Amino acid sequence: MRTYINNINNLEDGSIIEIDGWVQEIRKIKKLLFLIVRDNTGSVQVTVKDNMVKNYDSIYNISRESVIKVSGKLNKKSISKSGVEILANEIIILNTAETPLPMGVIDLVDVDFDTRLNNRFIDLRKPENLIIFKFESELLFGIREYMNKNNFIEVHTPKIVAAATEGGADLFPVQYFEKRAYLNQSPQLYKEILMSSGFDRVFEVGPAFRAEKENTVRHLNEFTSIDIEMSFSDDETVMRMLENAIAYSVNRADSILGKELKGLGYSIEEVRPPFPRIEYSELINYLNDNGFKLNFGDDFSPEAMKFVSKKYNGFYFITKWPKDLRPFYTMPDDTNRNVTRSFDLQLRDIEVCSGAQRIHDYNMLENSFNEKGLNKNNFEFYIKAFKYGMPPHAGWGLGLERLVMNLLNLSNVRESTLFPRDRSRLSP
RNA sequence: GCCCCGAUAGUGUAGCGGCCUAUCAUACAGGCCUGUCGAGCCUGUGACGUGGGUUCAAAUCCCGCUCGGGGCGCCA
């Protein structure tokens, strides 16, 4: 029976065990050879002596990254550095790897990110890359659990759509039989329709597509969006839901993977809500007091956000954004009609989430379309849901890759994406 | 879309008009070696993105193209 390598320590010294994995390292000394074998949980030394296995010659000539099955005796008093080894008495070569490798898994040379992405299947064999996606998986599990406990219904809305979500031109067109369709840039409109349907609380984890020609370390043309929408709710309520969901899932993932993460050079800080809330206009003033020249209505430049993140390290909300910077479905503020009941969640200098109280009144929504210069006829399927009993609602959308990137302090969002899609990359 | 920058063995680099028959590391192949663990030692294989131009001479200078990186706009 197969043992995963991280379980070896739980077994008794001298037991006969079997592992499956990749040959990561080979050290040869004529009639003795050491293989470091890796699976997705860790790696261990396998010691092979010429009189112990019958196919010694072929094992002696095995290439790195070949796949093998090893049976042998566990020696927990090994003089190897880890103190543990497996004394092999049978090794089956399941598949050999060609040489040389397109890139090394443990080589002592740098590899360009482009080369790594071109050979992502090998790149992901590196434990420090695999852990990013283990972390993402745990994080998402925690968020699901949190949402579930709070009575959210997980939904899946269409990704092939007929109309623009926010009226922009940043969509990928697709041919849908005889019609022109698009890849959805956000589940926004469908989440809102479900509020009218009485689902009350929904969340969705799914892809979002943006045909924007950015070329930055924080943009992807396909990313994973975690979205919620909540009826009979307001912006403050969904902000609390957000900070609590993040705190719960991050702290949970860290308690499970923290040790492994630390061993691979990542460290996660404990997340403690509530997060600071700063109004947009406060931030404009703060920046202008510090040498920036911003007007009300301007968006913050990356440089400005870097400056702000020196003051607010960690998570913080920027609230009450001007109307012009927000989509048509955003609820204006009751007291100041120039601003909206909206928020962005920042982690240091990067935006990871944005949300708002939404407009639920049909006439107000119609006006908003006009103000934004959008043709409401293109949104008939959406706007109809507002005529026959739409409850007040609020929600947000959280960028999964960006969240993981920032939590782990990665320098590029592509690091937290298995197979990134960007301005020039469509493969693998 | 705009602005910078880059492209040399499988990988990562040095070289930036003639000392280049191109450096070093790593990988790979072969050899020595019964306890390695960044194993060590010896031998070997392997590269100037592409098309023009300048020059007696181009990896090196100039122009186009292709591919890539970073920044900005924008945003998750």
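Predicted model only: the values in this text are computed from it and were never measured.
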Exercise. Regarding A/Lys320 and the six-membered ring of A/Phe343, is the cationic atom NZ or CZ under 6.0 Å from the ring centre and inside 45° of its axis?
Worked result: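 Negative - A/Lys320 is either too far from the ring of A/Phe343 or too far off its axis.
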Check every strand shown and say whether [X] touches a base, only sugar-phosphate, or nothing at a heavy-atom separation below 4.0 Å.
X        : result
A/Leu403 : nothing
A/Asp112 : sugar-phosphate
A/Ser78  : base
A/Ser225 : nothing

Seminar exercise, completed: Closest of B/C28, B/G71, B/U11 to the A/Val111 side chain is B/U11
Problem set entry | Nearest to side-chain heavy atoms of A/Asp107, which nucleotide of B/C72, B/C75, B/U26 |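 It is B/U26.
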Give a yes/no answer on whether the side chain of [X] brings an N or O atom under 4.0 Å of OP1 or OP2 in [N].
X        : N     : answer
A/Asn412 : B/G70 : yes
A/Ser63  : B/A29 : no
A/Lys31  : B/G35 : no
A/Ser80  : B/U36 : no
A/Lys28  : B/C33 : no
A/Arg423 : B/C72 : no

Exercise. Which pair of non-hydrogen atoms, one from A/Arg120 and one from A/Phe133, has the smallest distance, and what is that distance?
Worked result: NH2-CZ, 3.8 Å
Quiz item: [X] side-chain donor-acceptor pair to [N] base, under 3.5 Å:
X        : N     : answer
A/Arg210 : B/C74 : no
A/Lys49  : B/G35 : yes
A/Glu25  : B/G38 : no

Problem set entry | Watson-Crick or G-U counterpart of B/C2, or none if no pair lies under 3.5 Å | B/G71
Exercise. Should B/A25 form a Watson-Crick or G-U wobble pair with both distances under 3.5 Å, which nucleotide is its partner?
Worked result: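 Per the H-bond distance test, B/U11.
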Problem set entry | Any A/Arg358 side-chain heavy atom under 4.5 Å of A/Glu229 side chain |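 In short, these two side chains touch, coming nearer than 4.5 Å.
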For this session: Mark this stacking check for A/Phe223 against B/A76 as yes or no, applying ring centres under 5.5 Å and ring planes under 30°.
Result: yes
